[in-house]
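Worksheet: the structure to be examined is printed underneath.
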Amino acid sequence: KRIAIFASGAGSNAKKIIEYFTHHAAIQVALIVCNKPGAGVLSVATHYGIPTLLIEKEQFFRGNAYVDELKAAHIDFIILAGFLWKIPSALIQAYPNKIINIHPALLPKYGGKGMYGQFVHEAVLAARELESGITVHLVDELYDHGQMVFQAQCPVLPGDTAATLAQRIHALEHKHYPEVIEQFIMQH
Ligand SMILES: N[C@@H]1O[C@H](COP(=O)(O)O)[C@@H](O)[C@H]1O
C-alpha cells in the first residue's frame, strides 16, 4: 500500500512515519504533499528521497483537489500530519475512509477551525485540564470531526507552558502515530 503524507509544518511526525515504514514489507511512504513553500517537511522529504508535491489553494479548493495527481502516483491512503487546510469533499469522495488525521488534544474537546499547534495547548492550559493527549481520527467534511481511530493521554503538569506541553504531546505522537497508521491500513 502506498501512502501520501500531507503536512504544512516542521514535519517531525512525517520523519517518524517515513523512518517507521522504511523497510516495511507492505506499506510505503510514496509522496509528501505540502501547501507551504519552505516548510521543514520538504527538507525531511528530500533527506529521505521521497517525492514531493507542492499544492496551490486554487487547484486544491476550486480544481480537482489533486485527485488525478494522487491517483497517478498510485496513492492508496492519505495521512494528515500537521496539514492546516480543510480537506475538500472531492478528495474525501476519492478516498472514502482512507484519510486519517492526528490532532494534538483529546477530541471532541479543543478541536475545530483555528485550533492547531500552540493554540490548542494554550486552550488546554487555560481550562486547567489535568490531562491532554492525542487523537487520530478519520477525516470527514468538518475540522477534527470524523470517527475516532485512536487516543492516548498524558498529564498536564504544574508549571506547564504551551511549549512544554507541546513537547510532551509530540513525544506521544511520535510514539503512537506510525503504529496506528500501520494497524489502520492493515485492517482496510
Ligand atoms: N496537527 C498537529 O500539527 C503538529 C505537526 O507537527 P510536525 O509533525 O510538523 O512536527 C502536530 O502536533 C499535529 O498533531
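For clarity, every value in this text was computed on a predicted model and none was experimentally measured. Indexing begins at 1, ligand by ligand and atom by atom, following the structure's order. The chain is numbered in sequence order, starting from 1.
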Exercise for the section: Please indicate whether Gln147 has more than 12 foreign heavy atoms, meaning atoms of other residues, nucleotides or ligands, lying under 6.0 Å from its CD. Expected result: no
Problem - atom 14 (O) of ligand 1: nearest protein contact (heavy atom, Å) - result: Glu173 OE2, 2.4 Å
Practice task
Look at atom 9 (O) of ligand 1 and find which of Gly11, Ser8, Ala166, Ala7 reaches it with the closest heavy atom.
Solution key: Gly11
Practice task
Please check if the distance between the ring centroids of Phe6 and Trp85 is under 6.0 Å.
Solution key: no
Fill in the blank from the handout: The atoms of ligand 1 lying under 4.0 Å from a heavy atom of His170, numbered in the order shown, are 6 (O), 10 (O), 11 (C), 12 (O)
Problem - Side-chain heavy-atom pair Ser12, His174 within 4.5 angstrom cut-off - result: yes
Problem - Nearest neighbour in protein (non-hydrogen) for atom 1 (N) of ligand 1 - result: Ile102 O, 3.3 Å
Exercise for the section: Identify the protein heavy atom lying closest to atom 10 (O) of ligand 1, giving its residue, its atom name and the separation to 0.1 Å. Expected result: Ser12 OG, 2.6 Å
Exercise for the section: Using a strict 4.0 Å threshold on nitrogen-to-oxygen distance, state whether Lys113 and Asp144 make a salt bridge. Expected result: no
Exercise for the section: Over 60° means perpendicular and under 30° means parallel, so classify the ring planes of Phe150 and His176, tilted if in between. Expected result: tilted
Practice task
Could you check atom 5 (C) of ligand 1 against the protein and tell me its nearest heavy-atom contact, residue, atom and distance included?
Solution key: Gly82 CA, 3.7 Å
Exercise for the section: Report the member of Val44, Thr135, Ile134, Asn13 with the shortest heavy-atom distance to atom 8 (O) of ligand 1. Expected result: Asn13
Problem - Check: Ile75 main-chain N/O paired with Tyr95 side-chain donor or acceptor under 3.5 Å - result: yes
